[in-house]
**Q** 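Encoded as structure tokens, here's the structure I'll be asking about.
Computed from heavy atoms alone, side chains included, the values below leave out hydrogens, waters and symmetry copies.
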Amino acid sequence: MILSVELTLYPFNESYLTPIKKTIEHLNSFDDIKIQTFPTATILMGEYEHVMDVLKETMAWSHQQFGRSVFVAKFLPGYEALK
């Protein structure tokens, strides 16, 4: 099943742009997933299990690199947000 996720990151850091940019770069390092970044969110799309694995790994990576932050996500199962 295809899964589309709209993801927004809110770092608990005064220098918030660096964690956001580095996290987007990290997301773009994964294969077999479509990613498009907009001014307020990044859309991920791919097979459900793979997208969920990418999110799990990326959130852990972000915490290790930058400390606490808030991820806000909207999940749209069965929908191709990026064609």
**Q** Could you list all the side-chain hydrogen bond (donor to acceptor under 3.5 Å, both in side chains) pairs where at least one residue sits in residues 39-55, not counting sequence neighbours?
**A** T37-T42

**Q** In terms of hydrophobic clusters joined by side-chain contacts under 4.5 Å, are I43 and I20 together?
**A**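 No, separate clusters.
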
**Q** Should I24 and V5 be counted in the same cluster of Ile, Leu, Val, Met, Phe, Trp and Tyr side chains packed under 4.5 Å apart?
**A**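 Cluster IDs for I24 and V5 match.
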
**Q** Within this structure, what is the CZ-OG1 distance for the pair F71 and T58, rounded to the nearest 0.5 Å?
**A** 7.0 Å

**Q** Is there a chain of hydrophobic side chains (I, L, V, M, F, W, Y, each step under 4.5 Å between heavy atoms) that links F75 to L27?
**A**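 The answer is yes; both residues are in one hydrophobic cluster.
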
**Q** Applying side-chain hydrogen bond (donor to acceptor under 3.5 Å, both in side chains) as the test, list every pair that has at least one member in residues 66-83; sequence neighbours left out.
**A**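 Listed once each, the pairs would be none.
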
**Q** What about V54 and M59, same hydrophobic cluster or not, with Ile/Leu/Val/Met/Phe/Trp/Tyr joined at side-chain heavy-atom distances under 4.5 Å?
**A** yes

**Q** Does L55 belong to the same Ile/Leu/Val/Met/Phe/Trp/Tyr cluster as V72, with side-chain heavy atoms less than 4.5 Å apart forming each link?
**A** no

**Q** Taking side-chain hydrogen bond (donor to acceptor under 3.5 Å, both in side chains) as the cut-off, I'd like each qualifying pair that reaches into residues 4-31, sequence neighbours left out, listed once.
**A** H26-E57

**Q** Please enumerate all residues that pass side-chain contact (heavy atoms from CB on, under 4.5 Å) together with Q36, with sequence neighbours excluded.
**A** F38, L82

**Q** Kindly give the cluster partners of W61, where membership spreads through any ILVMFWY side chain lying under 4.5 Å from a current member.
**A**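 W61 clusters with F66.
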
**Q** Which atoms form the tightest heavy-atom contact between V51 and L3, and what is the distance?
**A** CG1-CD2, 3.8 Å

**Q** If I take atom CG from residue L7 and atom CD1 from residue I35, how far apart are they, to the nearest 0.5 angstrom?
**A** 9.5 Å

